[in-house]
Protein chains: 2
Amino acid sequence: MFIKIEPGLDLPIYSQLVNQLVDAVARKKLTGGDTLPSVRSLAADLGMNMHTVNKAYHELEKKGIIRIVPKSGAIINDLTQLEISEIQLERISLEIRPLLTEAIVLGMEPADIINLTSAIISDIKGG
Amino acid sequence: MFIKIEPGLDLPIYSQLVNQLVDAVARKKLTGGDTLPSVRSLAADLGMNMHTVNKAYHELEKKGIIRIVPKSGAIINDLTQLEISEIQLERISLEIRPLLTEAIVLGMEPADIINLTSAIISDIKGG
DNA sequence: AGGTCTGTTATACTTTAAATATAACAAGTG
DNA sequence: CACTTGTTATATTTAAAGTATAACAGACCT
């Protein structure tokens, strides 16, 4: 797999795993219908515990990015041409808010923030 | 004070305090030169421990929003007409990135995200 | 000068989250 | 039938969050 985990970072390793899997979907290394490795095999791959991977998978399920079929496996959801749910939009807004507030307080103009946002989005898709 | 802390939330109470103080600066309830209450008095006010408030203040100092003068107190920095530092910009970008990635994966178009961002910024300033 | 308030530092403790370690179960798959 | 799957349960370790006291030294005020 294309996952690199760094223990000792300020971000928990299960969150790192979540972020990198979301990233992989954004970059289309993973796409709707693809299956994720079993929690056991991925845990072995990454040198971490089964339950840690399991926690990451359930986090991804909460986010609506994968579905978990008990006794079978985890599958990436097909979200193309599907409207984002109100709940997920609300959650993202709530998490993004304090960061935007901080940017404003530190002196960024709305236009600067929009430019930064656009640049990051391009990088996510392109890089 | 205009601070409301909710224990039992998934966000640590020292982070809640940080967020609400940043928010107060954004809304200009607090502005450059204003002093924050002492860690002891604010802790008593909010029914929390001195060290928890202290932790929040130091977090705000790392963010560049206040300065702490030992044996004296905490003062809001004057950041108007001051360029954001490269370090802070880098940190904000790094934290905002996974949220934007998630939005993309959940089907939002770049334009949608920009609109959402603009709306939140307006709300921060206006509300 | 004296007393109070300040942030700082240190120590100790409790509680919660993160992470690991095993083990067993029941259902899907070949 | 044998194997793999996610699930569940229990136990343990480590780190973070939060509280509780106490003492210190400089600032501040009368």
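Per chain, numbering begins at 1; letters A, B, ... match sequence-line order.
- D:dT19 atom P lies 6 Å from atom CG of B:Asn49, rounded to whole Å.
- Taking atom CG of A:Asp10 as the reference point, atom P of D:dA17 lies 10 Å away to the nearest angstrom.
- In this structure, the nucleotide among D:dT21, D:dA17, D:dG6 sitting nearest to the side chain of B:Pro12 is D:dA17.
- Here the P atom of nucleotide C:dG7 and the CG atom of B:Leu42 are 10 Å apart, to the nearest Å.
- In this structure, B:Thr52 reaches the D:dT19 phosphate: one of its side-chain N or O atoms is under 4.0 Å from OP1 or OP2.
- Under a 4.0 Å N-O distance rule, the pair A:Lys55/A:Glu59 does not qualify as a salt bridge.
- Nearest nucleotide to the A:Tyr14 side chain, out of C:dA21, D:dT21, C:dA18: C:dA18.
- The distance from atom CZ of A:Arg40 to atom C1' of D:dT7 is 9 Å, rounded to the nearest whole Å.
- When the side-chain nitrogen and oxygen atoms of B:Lys55 are compared with OP1 and OP2 of D:dA17, one or more of them lie within a distance under 4.0 Å.
- One finds the CD atom of B:Glu102 at 11.0 Å from the CE atom of B:Met108 (value rounded to the nearest 0.5 Å).
- Listed pair A:His51 / C:dT22 fails the phosphate criterion, with no side-chain N or O lying under 4.0 Å from OP1 or OP2.
- One N or O on the side chain of B:Gln88 and one on the backbone of B:Lys62 form a donor-acceptor pair closer than 3.5 Å.
- The nearest whole Å value for the distance from the CG atom in B:Asn54 to the P atom in D:dT19 is 13 Å.
- For the pair A:Gln16 CD and C:dA18 C1', the interatomic distance rounds to 12 Å; values are reported in whole Å.
- If you check D:dT19, D:dT8, D:dG6 against the side chain of B:Ile13, the one that comes closest is D:dT19.
- For D:dT5, one of the phosphate oxygens OP1 or OP2 lies less than 4.0 angstrom from a side-chain nitrogen or oxygen of A:Ser38.
- Remark: C1' of C:dA10 and CE of B:Met50 are 11 Å apart, rounded to the nearest angstrom.
- Atom NZ in A:Lys71 sits roughly 9 Å away from atom P in C:dG28 (whole-Å rounding).
- In this structure a side-chain-to-backbone donor-acceptor pair under 3.5 Å is present from B:Asp34 to B:Thr31.
- Between the A:Asp23 side chain and the B:Thr101 main chain, no donor and acceptor come within less than 3.5 Å of each other.
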